[in-house]
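Below is one structure, written out as structure tokens; comments come after it.
Please read these numbers as outputs of a predicted model, since none were measured by experiment.
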Amino acid sequence: MSDLTNEAKAFIVQGLASYMTPTEVVNAVKEEFDIKVSRQTASAYDPNKAQGKGLAQEWRDLFNECRKRFNENLLDIPIANKAYRLNMLDRMARDAEKSKNRPLAAALAEQAAKEMGEVFTNKQKLDHQSSDKSMTPTINNFNGDAQAASQAYQDIMGGK
């Protein structure tokens with residue numbers, strides 16, 4: 001670990017903090033610095049792994065700061081945006097149609113429809129009506145008029 005420059009170490013820590021695998025980090029270090037690093041060496045810069053137990057505090061702090069920043073800025077990742085995903089699906093569907101791959105084109109169209117219908121979210125639409133509309137909730141706004149509210153209550157309850 002000591003034969004790496006601080007710049008390379010920081011690069012490894014930042015890669016691991018942004019959820020890159022050790023193998024991806026090794027490949028990125030080779031490409032960026034032309035340094036061959038083992039997966040075990042890269043893993044040693046992840047304080048959440050057993051190999052990273054003895055990691056210096058400066059690298060732990062950098063890891064935690066980068067991880068926090070990465071998680072807070074998820075919308076900066078293009079595929080996290082609905083419009084980007086729909087554009088990508090559109091391009092893929094057009095390519096599938098050009099190559100006469102109709103099953104793939106249909107599957108991509110279905111996925112785009114689900115994306116538009118927010119199938120992939122955890123939002124829920126609540127419908128407070130019965131199928132025959134007999135139990136449709138009503139909203140009464142009496143604006144502090146106790147007499148009108150009391151009368152409406154008595155009417156509903158069948159009282160006087």
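For the pair Glu110/Lys114, a side-chain contact is recorded, criterion being any heavy-atom separation below 4.5 Å from C-beta on. Taking the side chain as every heavy atom from C-beta outward, Met116 and Lys82 approach each other to under 4.5 Å. A 4.5 Å side-chain heavy-atom check between Phe70 and Gln14 finds every atom pair outside the cut-off. The closest side-chain heavy-atom distance from Val37 to Lys30 is not below 4.5 Å. Proximity of Phe11 to Leu4: side-chain heavy atoms (C-beta onward) are nowhere separated by under 4.5 Å. No side-chain heavy atom of Gln51 sits under 4.5 Å from any side-chain heavy atom of Asp46.
Under the 3.5 Å distance criterion, the side-chain polar atoms of Arg39 are left unmatched by any main-chain donor or acceptor of Val26. Looking only at distances, a side-chain donor or acceptor of Arg67 sits under 3.5 Å from a matching main-chain atom of Ala17. For the pair Glu24 (side chain) and Thr21 (backbone), a donor-acceptor distance under 3.5 Å is present. Asn101 contributes a side-chain N or O that, together with a main-chain N or O of Leu104, makes up a donor-acceptor pair within less than 3.5 Å.
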Test side-chain contact (heavy atoms from CB on, under 4.5 Å) on Asn6 and Trp59 and set out the steps.
CA-CA 10 Å; Asn6 280 342; Trp59 302 119; 3.7 Å; yes
Can you check side-chain contact (heavy atoms from CB on, under 4.5 Å) on Tyr19 and Asn71, steps first, answer last?
CA-CA 10 Å; Tyr19 298 101; Asn71 286 333; 3.3 Å; yes
Between Gln151 and Gln147, does the side-chain contact (heavy atoms from CB on, under 4.5 Å) criterion hold? Intermediate values first, please.
CA-CA 6 Å; Gln151 183 61 46; Gln147 180 81 23; 5.5 Å; no
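Listed here is the closest heavy atom pair of Lys49 and Ser43: CB-O, 4.2 Å. Pairing each heavy atom of Pro47 with each of Leu55, the nearest pair is CD-CD2, 3.9 Å. Residues Ala28 and Met20 approach most closely at CB-CE, 4.0 Å, considering heavy atoms. Taking all atoms of both residues into account, the shortest heavy-atom contact from Leu108 to Ala96 is CD1-CB, 4.4 Å. Heavy-atom minimum distance, Ala42 versus Ile12: O-CG2, 3.8 Å.
Once rounded to the nearest 0.5 Å, the distance linking CG of Leu16 with CG of Asn48 reads 9.5 Å. Rounding to the nearest 0.5 Å gives a distance of 11.5 Å between OG1 of Thr41 and NZ of Lys36.
Aromatic pair Tyr45/Phe63: ring centres not closer than 6.0 Å.
Between Arg94 and Asp90 there is a salt bridge, with a side-chain nitrogen of the basic residue lying less than 4.0 Å from a carboxylate oxygen of the acidic one.
Residues satisfying the side-chain contact (heavy atoms from CB on, under 4.5 Å) criterion with Ser99, sequence neighbours excluded, are absent altogether.
Looking only at atom types and distance, the side chain of Asp61 has a donor-acceptor partner in the side chain of Gln57 under 3.5 Å away.
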